[in-house]
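Here the structure is a predicted model, which is why all the values come from computation and not from measurement.
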Amino acid sequence: MNNEGYQKYYVPDQSPWPLVGAIALFFIALGAGFFVIDMSKDQSGWGGYMLLFGIAILFVMLYGWFKNVVDESMAGLYSPQMDRSFKQGMSWFIVSEIMFFAALIGALFYARFIAVPWLGGASNNEMTGAILWPGFEAVWPLLTTPGGTETQAMGWGLPAINTVILVVSSITLHFAHTGLEQNKRSQLTGMLAITLILGMIFLCLQGYEYVHAYRDLGLRFDSGVYGNTFFLLTGFHGMHVLLGALILFFVLMRVIKGHFTPEKHFAFQAGAWYWHFVDVVWLIVFCLVYVL
């Protein structure tokens with residue numbers, strides 16, 4: 001058989017990191033659930049400790065797994081076919097994330113344009129509101145639930161600042177990519193560091209926004225469908241920003257060590273794709289949750 005045109009394809013050894021990652025996600029999910037329950041009851045419990053434990057395991061998994069992949073790449077074990085596989089994998093991962101946020105946005109649209117108007121008597125359903133919740137006003141944001149729970153709407157002043165921060169971070173990341181393609185290492189390092197700093201500022205401001213929502217506005221998970229959709233959309237987006245910042249941090253460490261060339265830098269590209277995706281999602285979330 002003529003093997004001309006065939007390329008080697010590196011198959012890594014068995015790895016413990018998928019199992020470690022699954023354990024980390026288990027403790028994160030369980031701890032986050034108990035932590036929210038504890039907060040709603042204004043009491044302390046094990047939820048917060050379980051959440052921190054899961055996050056710590058996740059950091060260990062990310063460091064170990066990323067290190068293995070970096071060592072394999074720097075050893076020259078990856079062929080062009082392997083690089084294409086990486087690109088396809090990252091592309092499909094982003095597609096799955098698009099579907100994830102599409103489901104959350106779909107839930108928001110269902111609550112806003114179907115469920116809440118239906119409770120208010122829309123679609124020939126006047127008897128529901130008249131009998132079950134007389135005086136209920138089906139307006140969005142739903143600041144008073146049919147059960148009488150009241151809250152306040154979140155303003156869009158601080159989120160608008162966060163929007164500007166994320167848009168600027170995409171611009172600085174683009175200049176970092178340009179610096180890499182032109183082999184301008186100082187521009188690459190500086191712009192990438194600025195992008196990472198802007199991402200951390202975004203997360204800090206979002207944390208401040210959550211504290212303000214809980215303490216001052218009474219906007220909580222138990223504040224009805226408005227509070228639920230608000231924290232689900234913005235919270236999951238914040239988690240994605242954190243993950244993107246972690247990816248960029250590892251990329252920055254590799255840049256400082258002299259990794260990547262203008263011809264071979266997919267790890268940087270993958271991080272940039274993800275960061276730009278997160279920015280686009282935020283623009284949609286900002287418009288749907290805060291503005292409209």
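- Under the 3.5 Å distance criterion, the side-chain polar atoms of Thr189 are left unmatched by any main-chain donor or acceptor of Ser186.
- Using a 4.5 Å heavy-atom cutoff, the side chains of Asp279 and Val167 are not in contact.
- With a 4.5 Å cut-off on side-chain heavy atoms, Leu198 and Ile194 count as touching.
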Test side-chain contact (heavy atoms from CB on, under 4.5 Å) on Phe86 and Gln81 and set out the steps. CA-CA 9 Å; Phe86 278 132; Gln81 176 59 37; over 6 Å; no

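- Of all the heavy atoms in Met90 and Ala270, the pair that sits closest is CE-O, 3.4 Å.
- Not less than 6.0 angstrom separates the ring centroid of His259 from the ring centroid of Phe250.
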Evaluate side-chain contact (heavy atoms from CB on, under 4.5 Å) for Val20 paired with Trp17, printing each intermediate quantity in order. CA-CA 5 Å; Val20 175; Trp17 299 122; 4.2 Å; yes

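- Each of Met74 and Leu62 belongs to its own hydrophobic cluster when Ile, Leu, Val, Met, Phe, Trp and Tyr are linked at side-chain heavy-atom distances under 4.5 angstrom.
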Go through it in stages, so that I can follow the logic: the residues are His240 and Leu243, the test is side-chain contact (heavy atoms from CB on, under 4.5 Å), and I'd like the CA-CA distance, side-chain angles, deciding distance and then a yes or no. CA-CA 5 Å; His240 285 72; Leu243 177 59; 5.5 Å; no

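- Two residues are said to be in side-chain contact when any heavy atoms from C-beta on lie closer than 4.5 Å; Phe27 and Leu51 fail this criterion.
- Note: Phe53 and Phe26 fail the aromatic proximity criterion, with ring centroids not under 6.0 Å apart.
- Of the possible polar contacts, none joining the Arg254 side chain to the Phe249 backbone as a donor-acceptor pair under 3.5 Å is found.
- From His177, atom NE2 reaches atom CE of Met191 across 15.0 Å, with rounding to the nearest 0.5 Å.
- Using a 4.5 Å heavy-atom threshold, the side chains of Asn183 and Arg185 count as touching.
- The structure places CG of Leu192 at 8.5 Å from CE of Met253, a figure rounded to the nearest 0.5 Å.
- Val211 and Phe230 fall into different hydrophobic clusters, where Ile, Leu, Val, Met, Phe, Trp and Tyr side chains are chained together by heavy-atom contacts under 4.5 Å.
- Judged as a salt bridge (Lys or Arg N to Asp or Glu O under 4.0 Å), the pairs with a partner in residues 43-71 (not counting sequence neighbours) are, in order, Lys67-Asp71.
- Side-chain atoms of Tyr210 and Thr234 include a donor-acceptor pair closer than 3.5 Å.
- To the nearest 0.5 Å, atom OG of residue Ser85 and atom CD of residue Gln88 are 5.5 Å apart.
- Looking only at side-chain heavy atoms (C-beta outward), Lys264 and Asp83 come within less than 4.5 Å of each other.
- In summary, the aromatic rings of Phe277 and Trp282 are positioned with their centroids too far apart to meet the 6.0 Å limit.
- Taking both residues in full, the closest heavy atoms of Leu158 and Glu209 are given as CD2-CB, 3.9 Å, listed atom of the first, atom of the second, then distance.
- Shown here for Gly179 and Gln187, the closest heavy-atom pair between the two residues is N-NE2, 3.4 Å.
- The number of heavy-atom neighbours closer than 6.0 Å to CZ of Phe113, taken from other residues, nucleotides and ligands shown, is above 12.
- Separation of atoms OG1 (Thr229) and OH (Tyr110) is listed at 14.0 Å; rounding is to 0.5 Å.
- Between Phe236 and Phe101, the ring centre distance reaches or exceeds 6.0 Å.
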side-chain contact (heavy atoms from CB on, under 4.5 Å) between Tyr214 and Phe231: does it pass, once the steps are laid out? CA-CA 11 Å; Tyr214 262 71; Phe231 284 108; 3.4 Å; yes

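- A distance of 6.0 Å or more separates the ring centres of His276 and His174.
- In this structure a side-chain-to-backbone donor-acceptor pair under 3.5 Å is present from Thr163 to Pro159.
- To the nearest 0.5 Å, atoms CG (Leu166) and CG (Leu283) are separated by 8.0 Å.
- For Ile201 against Asn162, the heavy-atom pair with the smallest separation is O-OD1, 4.4 Å.
- Ring geometry, Tyr208 versus His212: the interplanar angle falls under 30°, so the pair is classed parallel (tilted spans 30 to 60°).
- There is a path of hydrophobic side-chain contacts, each under 4.5 Å, that joins Leu203 to Ile197.
- At least one side-chain heavy atom of Ile165 sits under 4.5 Å from a side-chain heavy atom of Leu205.
- Note: Ser73 OG to Met82 CE = 10.0 Å, rounded to the nearest 0.5 Å.
- Connection of Tyr63 to Leu252 is established within a shared hydrophobic cluster, with ILVMFWY side chains joined at heavy-atom distances below 4.5 Å, either directly or through further cluster members.
- Of all heavy-atom pairs spanning Ala24 and Gly54, the tightest one is CB-O, 3.5 Å.
- At a threshold of 4.5 Å between non-hydrogen side-chain atoms, the residues Phe35 and Trp46 do not count as touching.
- A donor-acceptor distance shorter than 3.5 angstrom exists from the side chain of His237 to the backbone of Val278, with no hydrogens or angles considered.
- A 4.5 Å side-chain heavy-atom check between Trp273 and Phe266 finds at least one atom pair inside the cut-off.
- Residues Leu52 and Leu58 do not share a hydrophobic cluster, clusters being chains of Ile/Leu/Val/Met/Phe/Trp/Tyr side chains in contact below 4.5 Å.
- In the model, Ser169 has a side-chain atom that pairs as donor or acceptor with a side-chain atom of Trp275 under 3.5 Å.
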